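As structure tokens, the structure follows; a few thoughts come after it.
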Amino acid sequence: MLKLDILVLSVHPDDAELGCGGTIIKHIALGKKVGIVDLTRGELGTRGSAEIRGKEAAAAAEILGLAVRENLALPDGFFENTKEYQLKVIEAIRKYRPEIIITNAYHDRHPDHGRASDLVYTSAFLSGLRKIETHAGGKLQEPWRAGMLLHFIQDEYIKPDILVDVTPYWDKKIESIRAYSSQFFNPDWENEPQTYISSPEFIEVIEARAREFGKNIRVKYAEGFTSRRILGVRNLFDLL
């Protein structure tokens with residue numbers, strides 16, 4: 001069994017890189033084991049294909065330094081917060097037993113993001129209930145509830161509850177995003193349909209958001225997260 005310190009459960013390949021790539025790289029540099037489980041293959045995306053995005057996700061995983069990356073292959077655009085899909089997410093949580101789970105924004109321009117947020121939130125709670133039985137490799141899984149669940153911030157602005165300084169890791173975060181050459185600005189794909197995220201300006205918007213968050217804690221770049229519960233610190237001197 002591979003136990004993770006942080007498990008990112010995000011709906012589309014590239015969501016994790018965009019929303020918390022710097023935080024992932026930072027914690028791996030600190031010696032933590034981090035993995036990503038993508039909920040869907042992103043098969044409804046305007047550009048590329050599920051197969052191409054799978055290869056891009058594997059390349060991004062290498063850049064990030066992930067301990068593991070897998071895909072639950074839920075139906076892109078059509079999954080719901082139902083028992084069928086909750087059980088699949090619960091199996092992933094119990095498989096990796098993370099201390100922290102990170103997932104999509106509460107609500108966003110893409111409706112999959114908010115639905116994924118609710119699905120993971122519900123599943124993370126249910127994963128701790130022993131009377132819900134799931135199996136892996138023919139064996140009954142033990143219940144597991146992570147100590148913290150955070151939501152990254154995506155296209156729509158949501159006031160963060162906590163900011164993480166990712167300044168030293170910014171360039172590698174951008175490298176991991178650019179691994180998705182089918183999705184973001186790429187002159188070699190100029191004959192493909194152009195989308196909101198394939199414009200050259202989109203990466204500039206990502207940087208502008210990180211600079212805005214960074215300004216609030218007096219660093220160059222930061223990533224923001226929200227929490228459905230109040231966060232605390234053991235020591236006021238841990239605050240920036």
Side-chain angles (χ1 to χ4, degrees), residues 1-42 50-51 53-74 76 79 83-104 116-117 119-152 164 166 168-169 172-173 175-177 179-180 223 225 227:
M1 182 190 73
L2 173 62
K3 186 184 184 313
L4 296 176
D5 297 296
I6 299 175
L7 173 61
V8 183
L9 284 157
S10 46
V11 65
H12 304 118
D14 73 25
D15 281 354
E17 288 83 356
L18 288 165
C20 62
T23 300
I24 290 171
I25 299 164
K26 178 171 191 168
H27 284 84
I28 291 171
L30 292 171
K32 303 298 184 182
K33 287 186 171 62
V34 184
I36 296 175
V37 172
D38 299 303
L39 302 186
T40 79
R41 300 175 71 204
E51 291 72 24
R53 291 185 76 169
K55 293 176 182 178
E56 292 170 342
E62 289 291 324
I63 294 167
L64 294 171
L66 298 177
V68 66
R69 186 170 204 158
E70 65 175 89
N71 196 301
L72 297 186
L74 304 188
D76 190 18
F79 69 91
K83 180 179 179 180
E84 176 186 2
Y85 301 126
Q86 289 163 4
L87 288 172
K88 292 181 181 296
V89 177
I90 290 169
E91 288 173 10
I93 294 170
R94 290 176 172 179
K95 178 179 180 179
Y96 294 115
R97 303 171 74 81
E99 300 302 320
I100 298 171
I101 293 173
I102 301 176
T103 190
N104 290 90
S117 171
L119 172 60
V120 173
Y121 175 77
T122 303
S123 302
F125 180 85
L126 295 178
S127 178
L129 302 181
R130 65 182 181 85
K131 291 185 178 180
I132 295 176
E133 295 188 357
T134 56
H135 296 79
K139 295 182 179 180
L140 181 67
Q141 291 182 305
E142 292 294 322
W144 182 264
R145 185 171 294 149
M148 183 182 299
L149 173 63
L150 297 174
H151 303 258
F152 48 73
V164 177
V166 297
Y169 310 99
K172 185 167 279 193
K173 170 191 168 92
E175 183 184 354
S176 74
I177 293 171
Y180 295 89
E223 291 176 337
F225 300 89
S227 172

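Everything quoted here is computed from the prediction, not taken from an experiment.
A distance of 9.0 Å separates CG in Leu64 from CD in Glu175, rounded to the nearest 0.5 Å. Remark: Ile102 CD1 to Thr23 OG1 distance equals 6.0 Å, nearest 0.5 Å. The structure places CD1 of Ile6 at 15.5 Å from OH of Tyr96, a figure rounded to the nearest 0.5 Å. Rounded to the nearest 0.5 angstrom, Lys88 NZ and Glu84 CD are separated by 6.5 Å. Within the model, atoms CD of Gln86 and CD1 of Ile93 stand 10.5 Å from one another, a figure rounded to the nearest 0.5 Å. Between atom CG of residue Asp15 and atom OG1 of residue Thr40 there is a gap of 8.0 Å, rounded to the nearest 0.5 Å.
Look at Glu17 and Arg69 and you find a salt bridge, because one of the NZ, NE, NH1 or NH2 atoms lies within 4.0 Å of a carboxylate O, short of that distance. Using a 4.0 Å cut-off between charged side-chain N and carboxylate O, Arg41 and Glu51 make a salt bridge.
Heavy-atom neighbours of Lys3 NZ from other residues, nucleotides or ligands within 6.0 Å: above the threshold of 12. Counting non-hydrogen atoms of other residues, nucleotides and ligands closer than 6.0 Å to CD of Glu99 gives a total above 12.
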May I have the step-by-step check of side-chain contact (heavy atoms from CB on, under 4.5 Å) for Leu129 and Arg145, ending in yes or no? CA-CA 8 Å; Leu129 302 181; Arg145 185 171 294 149; 3.6 Å; yes

Run the numbers on Ile25 and Val166 for side-chain contact (heavy atoms from CB on, under 4.5 Å), then give the verdict. CA-CA 9 Å; Ile25 299 164; Val166 297; over 6 Å; no

May I have the step-by-step check of side-chain contact (heavy atoms from CB on, under 4.5 Å) for Lys32 and Lys26, ending in yes or no? CA-CA 9 Å; Lys32 303 298 184 182; Lys26 178 171 191 168; over 6 Å; no

Can you list the steps and then say if Leu66 with Val8 is a side-chain contact (heavy atoms from CB on, under 4.5 Å)? CA-CA 11 Å; Leu66 298 177; Val8 183; over 6 Å; no

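In plain terms, the two heavy atoms of Lys33 and Leu2 that are nearest each other are CD-CD1, 3.9 Å. Between Phe152 and Cys20, the closest heavy-atom pair is CD2-SG, 3.8 Å. Here the closest non-hydrogen pair linking Thr103 and Ala116 is OG1-O, 4.1 Å. Closest of all the heavy-atom pairs between Ile63 and Lys172 is O-CD, 3.4 Å. Between Phe79 and Val11, the shortest heavy-atom distance links the atoms CE2-CG2, 3.5 Å. Scanning both residues, Leu4 and Ala67, for their nearest heavy atoms gives CD2-CB, 4.0 Å.
With contacts defined as side-chain heavy-atom distances shorter than 4.5 Å, the pair Leu74/Leu119 qualifies. You'll find the side chain of His27 stays beyond 4.5 Å of the side chain of Asp5, heavy atoms only. Using a 4.5 Å heavy-atom threshold, the side chains of Trp144 and Pro98 count as touching. Residues Ile132 and Leu87 are in side-chain contact: their nearest non-hydrogen atoms beyond the backbone lie under 4.5 Å apart. At least one side-chain heavy atom of Arg53 sits under 4.5 Å from a side-chain heavy atom of Asp14.
Lys173 places a side-chain N or O within donor-acceptor distance of the main-chain N or O of Leu18, the cut-off being under 3.5 Å. The main-chain N or O of Ser127 is found under 3.5 Å from a side-chain atom of Arg94 such that the two form a donor-acceptor pair. Checking side-chain atoms of Glu223 against main-chain N and O of Gly22 turns up a donor-acceptor pair under 3.5 Å.
Remark: the Gln141 side chain and the Thr134 side chain contain an N/O donor-acceptor pair separated by less than 3.5 Å.
His12 pairs with exactly one of Asp76, Asn104, Asp38 by the side-chain hydrogen bond (donor to acceptor under 3.5 Å, both in side chains) rule, that one being Asp76.
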